[in-house]
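As the structure lists them, so they are numbered: ligands from 1, and atoms in each ligand from 1.
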Amino acid sequence: MIVMKFGGTSLANAERIKNVANIINTRLNKKPIVVVSAVGGITDKLIDLAKEASKGTNPNERVEQIVDIHKKIIKSLNLNDEFLIEDFVKLYDILNGIYLLRELSPRSLDIVSSFGEIFSSKILSEYLISLGIKSKQYNGWDIGIVTDNNFTNAEILEKTYDNIKDKLTNVKDLPVVTGFIANDEEGNITTLGRGGSDYTASIIGSALDVEEIEIWTDVNGIKTADPRIVENARQWDKITFNEAAEMAFFGAKVLHPKTIRPAITKSIPVRILNTYEIENRGTSIVNEDNEDVLFRSISLKKDVTVIRICSTKMLMAYGFLARIFEIFRKYKISIDIVSTSEVTVSLTLDKVNNGLKNLQSAILELEKIAKVEVLKERSIICIVGKGIRDKSGILKRIFDVCRNYNIELVSQGVSPLNISFVVKQEDAENIIKELHKELFEK
Ligand code: ADP
Ligand code: ASP
Ligand code: MG
């Protein structure tokens, strides 16, 4: 048995979906469980639409566009769109609810974002059936994926693994499962964080002890940098679980940060493959490797917000940091990087929080105890590799490259494998290009 996960770029239109069906067809003897993301770009559109509707923009025209994208795909695949009509109507109703109430909670945002994967999985499954491949579509909750209620970034509960085993062990028809979406214990829809379909794939792989987890995307595996920024970024044949986890955490979009964890615990190989170049062997993620590679990658996490909390009197006072973190906990806002100096604590937050009420409420509460500065449009640059251990030499090389830019926050992290720092968004891509030259092209 294997898990095959297809990302949004691999499902962007009817031609790509045909290609995916083709790839699945070559693997039928391995009994694949297929996991899919939403059609490329749809999750962004849904989130944006929900936020706009809550601010008073009538959503109907834009819902229609999203519905049309899917109807067009369905038509080009020679299918009848009946199987999605009910879901289309539900999407209209929910967005109109948000529009009328002018209110968007993380919980209702998750309901809206879940439609992308529901649509794409139903389309792929129907298409496979039309090709004569017996298939069945499942939503994350149908196979028992249960999470906490941390909406927009929920965490799996342990019982998920047994549930999946019960539901999928003896199925006959090829399962096509929604990535990214699940239920909490009360049956509310939750999502696993942006890019979370990778995580779904690895949870299912681990629950069923599969031979391999294949992550099919639009690049030949993991590279020294995002090829969209650095054209000549090099491909790795293999990298370690730890390196992959660090890269993913700080933005290398190619893999969702938590993907690796369930796979490591069972030592299940994960391979990143390219749907545009099926023969390429991609990148395997392995437990250990003896290669002495100093640097693996430079990654970028965009649209980060930095919160600077200044308090000359309070900062070192007993319990002050705890009070700050308690406020973030209360509003369920997760923090990526923390750095403290004598008078300030700086934190970085992911872009999911932008525009949501929770963040505004948290800031209001922080302002009661300290001066708060919010810096928007920042990026985190993160360098991953064993070479980081040699701190003094490498830091000098990195900061020499960056000397003409403003670096706002540096964190060497808990692990010896990465160093990350925050810069202005407008500088980020240039810095990455220059760092790539320094670390990989000499
Ligand atoms: P999918 O839709 O398949 O999940 P994603 O867009 O989430 O695809 O991830 C694939 C993208 O990740 C690539 O198109 C590439 O631009 C980006 N990426 C970022 N960092 C890297 C890296 N180090 N190696 C390869 N791809 C990367
Ligand atoms: N569709 C979701 C997203 O865009 C999940 C995924 O693509 O993995 O974040
Ligand atoms: Mg992805």
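- Within the 4.0 Å heavy-atom cutoff, Gly195 counts among the residues contacting ligand 2.
- Between the side chains of Asn274 and Asn280, no donor-acceptor pair is found at a separation under 3.5 Å.
- Around the NZ atom of Lys437, the shell of radius 6.0 Å holds no more than 12 heavy atoms that belong to other residues, nucleotides or ligands.
- Arg102 forms a cation-pi arrangement with Tyr99, by the criterion of a distance under 6.0 Å to the ring centre and an angle within 45° of the ring axis.
- Counted by atom type alone, Asn220 and Glu277 present one or more donor-acceptor pairs between their side chains at under 3.5 Å.
- The nearest heavy-atom contact from the protein to atom 4 (O) of ligand 2 is Arg194 NH2, 2.9 Å.
- Residue-ligand proximity, Thr43 to ligand 2, at heavy-atom distances under 4.0 Å covers atoms 1 (N), 2 (C), 3 (C), 4 (O).
- The shortest heavy-atom distance from Gly196 to ligand 2 is under 4.0 Å.
- The closest side-chain donor-acceptor pair between Asn150 and Glu155, if any, does not fall under 3.5 angstrom.
- Using a 4.0 Å cut-off between a side-chain N of Lys or Arg and a carboxylate O of Asp or Glu, Glu185 and Lys159 qualify as a salt bridge.
- Annotation: atom 7 (O) of ligand 2 to nearest protein heavy atom, Ser37 OG, 3.2 Å.
- Ordered by chain and residue number, the residues placing a heavy atom less than 4.0 Å from ligand 1 are Lys5, Gly7, Gly8, Thr9, Trp216, Thr217, Asp218, Val219, Gly221, Ile222, Lys223, Ala225, Asp226, Pro227, Arg228, Met247, Ala252, Lys253, Val254.
- Partner Thr224 forms a side-chain hydrogen bond (donor to acceptor under 3.5 Å, both in side chains) with one of Arg296, His436, Arg234 and no other, that one being His436.
- No hydrogens or angles considered: a donor-acceptor pair under 3.5 Å links the side chains of Tyr405 and Glu434.
- If you take CD1 on Ile380 and CZ on Phe249, they are separated by 8.0 Å, rounding to the nearest 0.5 Å.
- Under a 4.0 Å heavy-atom criterion, Glu117 is in contact with ligand 2.
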